[in-house]
Amino acid sequence: MRLENKEALDERRKTAKENMSRPSHRILVCAGTGCLAGGSAKIYDKFLELAAKEEGVEVEFGAEIAHTGVKRSGCHGFCEMGPLVRIEPKNYLYVKVKEEDCEEIFEETIRNDRPVERLLYEEDGVKYETQEKIPFYEQQTRLVLKNCGHIDAENIEEYFAVGGYQALEKVLFDMTPEEVVNEISASDLRGRGGGGFKTGYKWQQVARQAVKEKYIVCNGDEGDPGAFMDRSVMEGDPHKMLEGMMIAGYAVGASEGYIYVRAEYPLAISRLKNAIAQANEAGLLGEHILGTDFCFQIHINMGAGAFVCGEGSALTASIEGERGMPRTKPPRTVERGLFAKPTVLNNVETYANVPMIINNGAKWYHTIGTEGSPGTKAFALTGSVKHTGLIEVPMGTTLRKIVYDIGGGVKNDVPFKAVQIGGPSGGCLVTNNLEVALDFDSLKKLNAMIGSGGLVVMDENTCMVEVARFFMNFTQNESCGKCVPCREGTKRMLDILEEIVDGKGTEDSLQMLEELGEAITNTALCGLGKSAALPVLSTLRNFREEYLEHVVDKRCKTGTCQGLQQFRILPEVCKGCSKCARNCPVNAISGKVKEPFVIDQAVCIKCGACLENCPFGAVVKDSGNCPTA
């Protein structure tokens with residue numbers, strides 16, 4: 001039903017809240033990408049089947065009017081423990097749930113109001129019944145992610161029930177466009193896509209443009225390896241992002257918005273399409289929204305997965321149907337963006353901050369985070385950390401708190417080595433940086449950046465030279481090729497890094513990497529090119545001795561770099577059975593039966609067949625000059 005005025009919206013919100021509280025229990029099955037991959041769709045279907053069998057239960061399409069409500073939620077964040085199921089009102093969180101667990105959950109929790117102990121999260125011998133008490137959640141401040149995992153991700157009524165579109169109502173009836181821009185400016189909200197540019201200033205620049213036609217663009221491309229913050233918002237709470245885009249449109253005088261999301265996010269695209277259709281049906285998109293003069297529509301454009309399309313001008317070119325390549329600036333996007341018109345371009349998380357700033361005020365927002373970087377930041381915590389997943393913390397939270405308090409420390413209690421922050425555009429933080437505050441200004445002093453929010457934890461068994469090679473390989477593959485420094489420079493840096501990990505590097509290689517890195521940083525056309533060398537330069541700065549081991553000693557102490565490995569046969573252990581020689585694909589092993597065999601290092605291709613086939617443990621693998629056995 002189309003909402004024609006604010007009173008109708010208020011009534012709809014009240015009704016939705018009452019309906020949400022009607023069931024005696026709500027079963028929220030995580031339907032984020034990670035849990036769906038683990039089988040949560042079958043778990044959801046099983047719970048629906050069980051709920052339908054209950055006496056007095058009537059299940060309607062799209063909503064359950066029942067004693068027990070079964071809902072598909074977005075990502076809960078605790079990804080390594082999925083599939084996850086939350087049971088309200090007791091807020092039990094069951095981890096690693098299987099389809100065969102559903103009947104026991106229904107019997108114990110739904111019928112008898114008791115937790116299923118074996119499915120509760122346990123840490124250090126303590127079982128946690130409620131989600132909010134689990135250390136992983138308890139030490140977070142979930143504002144942008146507040147609804148993810150707590151509401152039906154596919155039902156606008158549940159967004160209404162938790163106060164959805166209240167901020168849109170407020171700006172349409174109680175604020176002028178100028179007042180909205182001023183409030184966002186006063187909040188000092190900074191773009192969560194990487195650069196940390198002040199959102200209010202962008203909006204001011206677009207609002208003051210004299211042309212009538214303007215655009216709102218949401219960057220949902222999120223190309224950094226290991227990053228999935230924006231995806232989780234689009235999947236788990238899409239209306240929050242849409243509401244932020246609508247408010248931006250009202251503030252600057254735009255009537256159309258575009259969401260650019262990579263085609264590799266099919267679930268996010270599906271949920272966004274569903275949310276846009278629901279908002280249109282409710283009269284919150286389209287003509288004369290809530291009976292006002294404000295008209296706004298949102299479109300979705302799917303990208304082909306080009307990393308460079310995370311850059312603003314490349315993104316808008318892609319929406320226009322052109323090849324996604326950055327252009328020289330000025331003019332900037334705020335002056336000449338999509339279809340050559342003034343454009344507000346922010347990412348998903350930035351827009352998701354807007355409704356709560358409007359509802360609670362800029363002063364409230366400044367009570368969270370730091371003075372220069374207020375608010376919270378969502379991070380994707382991955383790598384060698386005990387508790388991987390999606391987290392949200394106040395800006396300025398230390399790296400130590402994230403890795404050790406929320407993340408539970410490094411896996412298997414191996415010593416911490418580094419964190420790659422911000423993906424290919426970021427930098428490396430080491431042990432000495434564990435107390436650093438993660439905010440825009442503090443990281444800039446360390447020649448690092450938050451980026452979109454990826455945090456990859458690495459332990460002492462990680463080869464930092466290989467890490468640099470991995471990110472340079474990614475960046476080189478993703479270079480659009482428009483400018484020579486990025487196109488040719490990253491290719492040459494990758495060639496040098498591959499020579500180093502293959503045992504062919506020299507000390508001159510390190511100097512060449514530094515010179516190339518500085519040249520690319522200073523001369524590349526776009527921000528992605530300028531940051532392309534950061535992973536290499538930061539690892540060179542923090543782990544130079546590791547690079548020297550590779551080029552001087554010809555060894556990789558972690559045993560990662562295959563080109564620096566050697567296989568040897570211990571003569572005192574070898575029985576002369578010849579099994580290693582018979583299984584060597586290049587005939588690099590020779591000897592006489594019942595006498596020790598030897599490996600010709602010049603012929604050996606380091607495949608490891610000899611190690612796998614030796615029945616006596618006589619073959620050992622050395623990491624260059626450093627034996628690992």
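We count residues from 1, following the sequence as given.
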When rounded to the nearest 0.5 angstrom, what is the spacing between CZ in Arg190 and CG in Asn353? 13.5 Å
Not counting sequence neighbours, which residues clear side chain to side chain contact (heavy atoms under 4.5 Å, CB included) with Pro331? List them please. Arg327, Glu335, Arg336
Which value, rounded to the nearest 0.5 Å, describes the distance between Asp221 atom CG and Arg262 atom CZ? 4.0 Å
side-chain hydrogen bond (donor to acceptor under 3.5 Å, both in side chains) for Ser185 and Tyr201? Distances and angles first, verdict last. CA-CA 6 Å; Ser185 299; Tyr201 185 71; over 6 Å; no
Could you tell me whether a side-chain N or O of Glu235 sits under 3.5 Å from a main-chain N or O of Thr33, the two making a donor and an acceptor? yes
Are Trp203 and Asn346 linked by a side-chain donor-acceptor pair shorter than 3.5 Å? yes
Shortest non-hydrogen contact from Ser187 to Ile184? OG-O, 2.6 Å
Main-chain N/O of Thr475 paired with Glu478 side-chain donor or acceptor, under 3.5 Å: no
Quick check: closest heavy atoms across Ala248 and Tyr351, and the distance to 0.1 Å? CB-CE2, 3.9 Å
Checking Thr539 side chain against Val536 main chain: does a donor-acceptor pair fall under 3.5 Å? yes
Are Tyr159 and Glu243 close enough, and set up right, to give a side-chain hydrogen bond (donor to acceptor under 3.5 Å, both in side chains), and what steps lead you there? CA-CA 11 Å; Tyr159 186 62; Glu243 186 175 8; 2.5 Å; yes
Honestly, is Arg12 close enough over Phe160, meaning NZ or CZ under 6.0 Å from the six-membered ring centre and within 45° of the axis? no
Could you tell me whether a side-chain N or O of Ser442 sits under 3.5 Å from a main-chain N or O of Leu438, the two making a donor and an acceptor? no
Taking salt bridge (charged side-chain N to carboxylate O under 4.0 Å, His left out) as the cut-off, I'd like each qualifying pair that reaches into residues 191-218, sequence neighbours left out, listed once. Asp188-Lys198
Return yes if some donor-acceptor pair links the side-chain N/O of Gln476 with the main-chain N/O of Glu488 below 3.5 Å, else return no. no
So which heavy atom on Ile156 is nearest to which on Ala282, and how close? CD1-CB, 4.4 Å
Which distance, rounded to the nearest 0.5 Å, do you find between the SG of Cys148 and the CE of Met229? 12.5 Å
Evaluate the criterion ring-ring contact (aromatic ring centres under 6.0 Å, His included) for residue pair His387 and Phe78; output intermediate values, then yes/no. CA-CA 7 Å; His387 306 321; Phe78 209 0; 5.7 Å; yes
With no hydrogens and no angle check, is any side-chain donor or acceptor of Thr343 less than 3.5 Å from a backbone partner on Ile216? no
According to the salt bridge (charged side-chain N to carboxylate O under 4.0 Å, His left out) rule, which pairs have a member within residues 362-384, sequence neighbours left out? Glu349-Lys377
For Asn280 and Gln297, what are the C-alpha separation, side-chain angles and deciding distance, and is it a side-chain hydrogen bond (donor to acceptor under 3.5 Å, both in side chains)? CA-CA 8 Å; Asn280 269 298; Gln297 190 54 266; 2.9 Å; yes
Hey, what do you get for CG (Asp230) to OH (Tyr265), rounding to the nearest 0.5 Å? 7.5 Å
Shortest non-hydrogen contact from Thr382 to Thr388? CA-CG2, 4.0 Å
Between Glu320 and Phe339, is there a donor-acceptor pair closer than 3.5 Å when you use the side chain of the first and the backbone of the second? yes
For Ser373 and Met395, work out which heavy atoms get closest and say how close. O-CB, 2.9 Å
For Leu285 and Met246 the tightest heavy-atom approach is CD2-CE, 3.5 Å
Aromatic ring centroids of Tyr260 and Tyr258 under 6.0 Å? no
Atom CZ in Phe543, atom SG in Cys428: separation rounded to 0.5 Å? 5.0 Å
Only pairs under 3.5 Å count here: list side-chain donor-acceptor contacts from residues 299-312, not counting sequence neighbours, and write none if there are none.
unit_1: His299; atom_1: NE2; unit_2: Glu256; atom_2: OE2; d: 2.7
unit_1: Glu311; atom_1: OE1; unit_2: Ser313; atom_2: N; d: 3.0
unit_1: Glu311; atom_1: OE1; unit_2: Ser313; atom_2: OG; d: 2.7
unit_1: Glu311; atom_1: OE1; unit_2: Ala314; atom_2: N; d: 2.9
unit_1: Glu311; atom_1: OE2; unit_2: Ser313; atom_2: OG; d: 3.2
unit_1: Glu311; atom_1: OE2; unit_2: Lys329; atom_2: NZ; d: 2.6

Expected output: side-chain Gln209 to main-chain Pro342 donor-acceptor under 3.5 Å: no
I'd like to know if Asp441 and Lys444 make a salt bridge, using a cut-off of under 4.0 Å between side-chain N and carboxylate O. no
Arg400: which residues meet the side chain to side chain contact (heavy atoms under 4.5 Å, CB included) condition with it, sequence neighbours left out? Thr398, Tyr404, Leu434, Glu435
His366 side-chain N/O to Ala186 backbone N/O, donor-acceptor pair under 3.5 Å: yes
With a cut-off of under 6.0 Å to the ring centre and 45° to the axis, is Lys6 in cation-pi contact with Phe173? yes
Separation between NZ (Lys240) and CE (Met234), nearest 0.5 Å, reads 14.5 Å
Provide the full list of side-chain hydrogen bond (donor to acceptor under 3.5 Å, both in side chains) pairs with a residue in residues 517-529, sequence neighbours left out, each pair given once. none
Which is it for Asn147 and Asp237 under the side-chain hydrogen bond (donor to acceptor under 3.5 Å, both in side chains) test, yes or no, and what are the steps along the way? CA-CA 6 Å; Asn147 296 332; Asp237 196 9; 3.1 Å; yes
